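Everything on this sheet refers to the single structure shown next.
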Number of protein chains: 2
Amino acid sequence: MVGMSLRHAVLGLLVDQPASGYDLMKRFNTSLANVWPATQSQVYGELARLADGGLIDVAAEGPRGRKEYTLTDAGLAELRRWLIEDKPEPRRSSALLRVFFMGVLDAEQAADYLAKAAEQAAADHAALRQLQDSLDWTEQGPLTTNGRLALEYGLRLYAMQEEWAQWASSQITSAAE
Amino acid sequence: MVGMSLRHAVLGLLVDQPASGYDLMKRFNTSLANVWPATQSQVYGELARLADGGLIDVAAEGPRGRKEYTLTDAGLAELRRWLIEDKPEPRRSSALLRVFFMGVLDAEQAADYLAKAAEQAAADHAALRQLQDSLDWTEQGPLTTNGRLALEYGLRLYAMQEEWAQWASSQITSAAE
DNA sequence: GCGGACATGTAAGAAGTTACATGATTAG
DNA sequence: CTAATCATGTAACTTCTTACATGTCCGC
């Protein structure tokens, strides 16, 4: 058991508000979409396993077989444990992998690829900024605070990606002369 | 067939120099370690599948059953195709996931976590800089050029991560007052 | 000869994706 | 009554990780 981040994403989303699998999917698709995407299939499976292991409980049952889960003390403890233990996981980046092998393209194609990457980063940046504007920052809860931190990370990342792609594009066009 | 990046990493590593699975593992563990890590088990399996599909050939056999693979025309074409098609894959970040749920820690623990993250980014940055200094940049080949671009991306990423972690840490300590 | 590097593979399991399958409730 | 939403699950498949298994060659 080394990774298991999906498990902790589910636990984290249950901290303040109990939820059904259906509710959780909505949270995954909004707040966690850019951080830890998950499929419906995964979420329901993980909920069953977590309940089985006593990390969450079925607190209430509703219409259509709805099961509303809450975090148990053991679940909260597990989340805290995971947060504190630091394990820098390997990061895979297919974007960077492409950069590595860009040499098999001619200069024009490579520059084109980088230009598109810059555009994409700019678009992502704009989308995130819009999300930031649309959110209600009047609340002062702990989740709001940390959501802000994660959002700022995203903004900085996209800014960096755009600048880098522009720089890299200029490197290529100047080397092609 | 949407992802398949391991396949393209293998193809890319075979572009200029033929190699055995054993050779490729060394390349994965050095040049591609921070971009697309792979295990021995994966590499051998993928080589067999690629040879089966005609994207690579066994060009020579050596001692100890060594099989030296070369890229075929079809393999190079497939690599080019993959490079040009743009698909921004979902990125998972357990580090960011932790930030999201940092609210369940007290301010001291959270600040501690961010301080460690800043240190880690600084260390990674230093390691990459050292790698940069140790490499022979006198060669002017296409792989060298693009390796430089990828390296610069890494340097910028780590710099950004360090700055962000420091900023986030200050946000938390000031909010805790 | 013997240890370390070279060299290739298989097996079992965890994690993730896509598609299928089914049905209940509610708002209009 | 009927369409959209709510709601849960299973099956098949791919990808990745960890561990096991085996054997050869080369330098000293």
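What you see is a predicted model; the values in this text were computed from it and never measured. Order of the sequence lines fixes the chain letters, A, B, ..., with proteins taken first and strands second; residue numbering starts at 1 for each chain.
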Side-chain donor/acceptor pairs under 3.5 Å, residues 159-166 of chain B, sequence neighbours excluded:
residue : atom : partner : partner atom : Å
B:Q161  : NE2  : A:Y153  : OH           : 3.0
B:W164  : NE1  : A:L149  : O            : 3.1

Show me, pair by pair, the donor-acceptor contacts under 3.5 angstrom made by side chains of residues 106-117 of chain A, not counting sequence neighbours?
residue : atom : partner : partner atom : Å
A:D106  : OD1  : A:E108  : N            : 3.2
A:D106  : OD1  : A:Q109  : N            : 2.9
A:Q109  : OE1  : A:D106  : N            : 3.4

Can you name the residues that form a side chain to side chain donor-acceptor pair (under 3.5 Å) with [X], not counting sequence neighbours?
X      : answer
A:R80  : none
A:R49  : A:E46
B:E85  : B:R81
B:D124 : B:Q120

Rounding to an integer number of Å, can you tell me how far [X] [atom1] sits from [N] [atom2]?
X     : N      : atom1 : atom2 : value
A:H8  : C:dA15 : NE2   : P     : 11 Å
A:Y69 : D:dA7  : OH    : P     : 13 Å
A:R66 : D:dA7  : CZ    : P     : 4 Å

Identify all pairs in which a protein N or O lies below 3.5 Å from an N or O of nucleotides 22-28 of chain C, and state each distance.
none

List the atom pairs, donor and acceptor, that lie under 3.5 Å between side-chain atoms in residues 21-32 of chain B and the rest of the protein, sequence neighbours left out.
residue : atom : partner : partner atom : Å
B:D23   : OD2  : B:S20   : N            : 3.2
B:D23   : OD2  : B:S20   : OG           : 3.2
B:D23   : OD2  : B:R66   : NH1          : 3.4
B:D23   : OD2  : B:R66   : NH2          : 2.7
B:R27   : NH1  : B:L13   : O            : 2.7
B:R27   : NH1  : B:Q17   : O            : 3.4
B:N29   : ND2  : B:M25   : O            : 3.2
B:T30   : OG1  : B:K26   : O            : 2.9
B:T30   : OG1  : B:R27   : O            : 3.4
B:S31   : OG   : B:R27   : O            : 2.9

OP1 or OP2 of C:dG16 under 4.0 Å from side-chain N/O of A:R7: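 Checking A:R7 against C:dG16: no side-chain N or O falls below 4.0 Å of OP1 or OP2.
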Geometric class of the A:W82/A:H8 ring pair [parallel <30°, tilted 30-60°, perpendicular >60°]: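 Judged by the thresholds at 30° and 60°, the geometry between A:H8 and A:W82 is parallel.
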Interface with DNA chain C, restricted to residues 20-57 of chain A and to heavy atoms under 4.0 Å: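 Those residues are A:W36, A:T39, A:S41, A:Q42.
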Closest to the B:M4 side chain, choosing from D:dT15, C:dA15, C:dT17: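 Output: D:dT15.
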